[in-house]
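In what follows, a structure is listed as structure tokens, so that the remarks can point back to it.
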Amino acid sequence: MSAAGPEERRFSGTGTREAMRWSKTLIPTHKEDPSHAETTSHKLMLRAGLIRRLTSGVYNYLPLGWRVIRKVEAIVREEMDRIGCQELLMPVVSPAELWQETGRWDVYGKELWRVHDRNGRQFALGPTHEEVVTDIVRNEVRSYRQLPFTLYQIQTKFRDEIRPRFGVVRAREFIMKDAYSFHRDEDSLNETYKAMYDAYCRIFDRCDLSYRPVEAATGAIGGSASHEFMVLCDTGESEVIVCECGYAATDERAEGLIADIMPVEDPLPIEPVDTPGMKTIEDVSEFLGVEPWRLIKTIVYVADGEPVVALIRGDRDINEEKLAGLLGASMIEAAPPAVVEKVTGAPVGFAGPVGLSGVRLMVDRSVEPLRNVVVGGNAVDVHIRNVNAGRDFSVDGYCDIARIGKGDLCRKCGKTMDSFRGIEVSQVFKLGTKYSDSMKATFLNENGKAMPFVMGCYGLGISRTMAAIIEQHSDEYGITWPMSVAPFDVEILAVKFRNEEVREISERLYSDLKAAGIDVLLDDRHDSPGVKFKDADLIGIPIRVTVGERGLKSGALEIRMRETGEQRDLPIDGAVAEITKIVEEAKA
RNA sequence: CGGGGCGUGGCGCAGCCCGGUUAGCGCGCCUGCUUUGGGAGCAGGAAGUCGGAGGUUCGAAUCCUCUCGCCCCGACCA
């Protein structure tokens with residue numbers, strides 16, 4: 001045990017330094033896969049005794065799992081501190097009024113986890129802390145001389161996810177590092193944004209992750225620019241569209257060109273047709289014997305309370321993120337039937353652009369080359385054939401509101417794009433003055449004029465990163481931790497702990513490694529060798545040192561690298577120095 | 001929220017359709033002895049409101065109603 005007090009230990013550099021004995025530690029491993037887990041990381045985290053579920057989307061971090069969390073946090077702290085960020089801690093609970101100031105009490109929706117106190121006063125459990133941090137800064141920072149600076153915290157966050165899944169990958173309570181930067185202008189923000197981006201790359205490199213930063217949509221957080229860091233993983237929830245020219249963006253954000261398939265045709269006269277009960281593109285297409293791309297899909301939305309009509313080629317989908325962005329709307333949703341009827345004069349399923357008035361029309365580029373296509377007739381059971389944009393309805397301009405995917409063309413180089421799946425481990429945003437404006441957070445510039453802070457925010461999912469690491473570091477036997485985040489550097493596996501010589505050598509090695517500053521776990525259980533070997537593979541400590549009668553006969557231990565399976569004998573004399581060297585090399 | 005599935009000792013499951021002694025099996029756990037280089041053997045043992053409530057019945061894990069929880073697909077979402 002270190003002489004440091006609890007506080008000192010809690011905040012010391014790499015944190016977890018105490019060594020442990022398996023027999024005294026709660027490491028509840030399981031032989032069988034848990035029935036409810038689907039993904040590799042979720043199964044292994046449960047089997048290896050890292051986490052236990054308390055309720056849907058809410059997890060206990062058991063000692064082994066918590067050590068990993070602490071190591072990831074330590075890396076994050078080092079990299080945040082390296083670029084000059086200041087750590088602080090904000091409360092989990094924040095008053096509704098603060099969220100009402102920015103409008104997010106409503107905009108954030110059901111995902112915002114609300115609670116009330118005994119007096120009925122309402123609060124939010126923090127899903128992110130723009131409001132709170134902005135409140136601190138508007139109260140405490142007055143002058144441009146104090147800028148720029150960045151505050152961060154590592155804290156438990158709450159999001160009442162519509163569907164928690166994959167263990168801690170999408171949890172309702174999770175651990176996140178969130179940082180917020182404050183600037184006098186965009187240039188300063190850009191500088192910090194770049195520094196943060198680079199720091200994130202270092203963090204994920206140190207976690208030995210294969211990842212990719214991609215352009216992202218801004219969602220409920222808002223702001224002008226954003227990147228997500230995606231860890232490559234087939235079971236990831238996010239889809240990224242990529243081009244070999246280097247372009248990469250989330251499917252929510254991706255821009256691209258939809259290949260034209262419209263042959264050149266002369267415009268034909270417009271012709272209404274009866275389409276009884278044909279409400280979907282599929283219905284109409286089949287009923288009239290017309291390919292889906294020869295239809296225009298007309299969808300009515302409500303954006304910040306105002307109806308908007310969006311048009312796109314029939315075989316494609318609207319990207320609501322892009323649409324909201326172009327409209328400058330913070331909330332967008334498909335219009336309820338009553339609104340559709342009011343706007344188009346017809347029930348849902350028969351909307352079309354011809355004769356539509358008094359509503360804003362957003363037309364995707366894919367509509368421009370279309371000739372003689374089918375659209376809804378804005379009347380029950382009626383569609384119209386041979387419609388041509390410009391002639392039959394007017395278009396102010398074409399925009400890009402299409403959901404882009406694999407197979408579409410890159411806007412930058414024209415090549416066909418591909419896609420991959422990933423886990424989003426972090427997202428960074430240029431917020432601009434979105435929050436400082438609504439919360440009236442200002443500083444005085446050199447002319448004595450009050451200016452809104454220009455802000456950036458930078459999230460990084462700590463618990464999710466742990467899961468992502470396992471997704472990329474496991475084999476059929478268990479986890480294969482990278483040294484940087486492994487719960488322990490070394491596991492001593494005492495094959496027959498009852499044997500006096502084995503016990504003596506193991507104990508000596510254990511205390512010597514501890515003294516050398518190595519995180520070491522001693523499997524001192526009186527179990528059969530098979531159990532111990534299987535458990536060692538499962539929990540995945542990078543270096544395993546086996547102490548057994550077999551080796552001791554020739555004065556040797558056995559060292560095995562978990563990830564590579566590389567294995568060799570190690571003379572007892574000098575073993576500590578050798579192991580220390582290997583650990584240090586791996587950490588360098 | 002729509003669709004699907006599942007709740008039976010700590011874990012994984014059988015039993016339910018077709019109601020009937022003390023509710024089983026494997027793993028794990030406890031005690032003892034033997035064993036110890038890849039999930040040991042023998043003997044003994046502890047542990048289950050069968051998710052909950054109500055109902056049907058002489059009798060319910062099993063049938064009916066309601067309800068809670070969990071998981072999967074979808075919609076949605078830093």
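For G69(B), neither phosphate oxygen OP1 nor OP2 lies less than 4.0 angstrom from any side-chain nitrogen or oxygen of Thr55(A). Within the structure, every side-chain polar atom (N or O) of Thr546(A) is placed at least 4.0 Å from both OP1 and OP2 of G37(B).
Residues meeting the salt bridge (Lys or Arg N to Asp or Glu O under 4.0 Å) test with Asp205(A), sequence neighbours left out: none. Residues passing the salt bridge (Lys or Arg N to Asp or Glu O under 4.0 Å) test with Glu131(A) are Arg104(A), sequence neighbours excluded. Arg165(A) meets the salt bridge (Lys or Arg N to Asp or Glu O under 4.0 Å) test with Glu237(A); sequence neighbours excluded.
Rounded to whole Å, the separation between the P atoms of A46(B) and G7(B) comes to 28 Å.
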Enumerate the protein-to-nucleotides 42-46 of chain B contacts in which both atoms are nitrogen or oxygen and the separation is below 3.5 Å.
none

Distances under 3.5 Å between nitrogen or oxygen atoms of protein and nucleotides 7-9 of chain B:
none

Would you tabulate the pairs of protein nitrogen or oxygen atoms and nucleotide nitrogen or oxygen atoms of nucleotides 38-41 of chain B closer than 3.5 angstrom?
unit_1: G38(B); atom_1: O6; unit_2: Arg544(A); atom_2: NH1; d: 3.0
unit_1: G38(B); atom_1: O6; unit_2: Arg544(A); atom_2: NH2; d: 3.0
unit_1: G38(B); atom_1: N1; unit_2: Asp537(A); atom_2: OD2; d: 3.1
unit_1: G38(B); atom_1: N2; unit_2: Asp537(A); atom_2: OD2; d: 2.2
unit_1: G39(B); atom_1: O2'; unit_2: Lys31(A); atom_2: NZ; d: 3.0
unit_1: A40(B); atom_1: OP1; unit_2: Ser528(A); atom_2: OG; d: 3.3
unit_1: A40(B); atom_1: OP2; unit_2: Ser528(A); atom_2: OG; d: 3.2

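Residue Glu228(A) is classed as having no contact, given no heavy-atom separation below 4.0 Å to the nucleic acid. When heavy atoms are screened at a 4.0 angstrom cut-off, Asp527(A) is found touching base atoms of the nucleic acid. The residue Phe229(A) sits apart from the nucleic acid: no heavy atom pair falls under 4.0 Å.
If you measure from atom CG of Asp33(A) to atom P of G26(B), you get 21 Å, rounded to the nearest angstrom. Arg163(A) has its CZ atom 9 Å from the P atom of C71(B), to the nearest Å.
Using a 30° and 60° split on the angle between ring planes, Phe229(A) and Phe204(A) fall in the tilted class, from 30° to 60°.
Between the side chains of Tyr200(A) and Asp198(A), no donor-acceptor pair is found at a separation under 3.5 Å.
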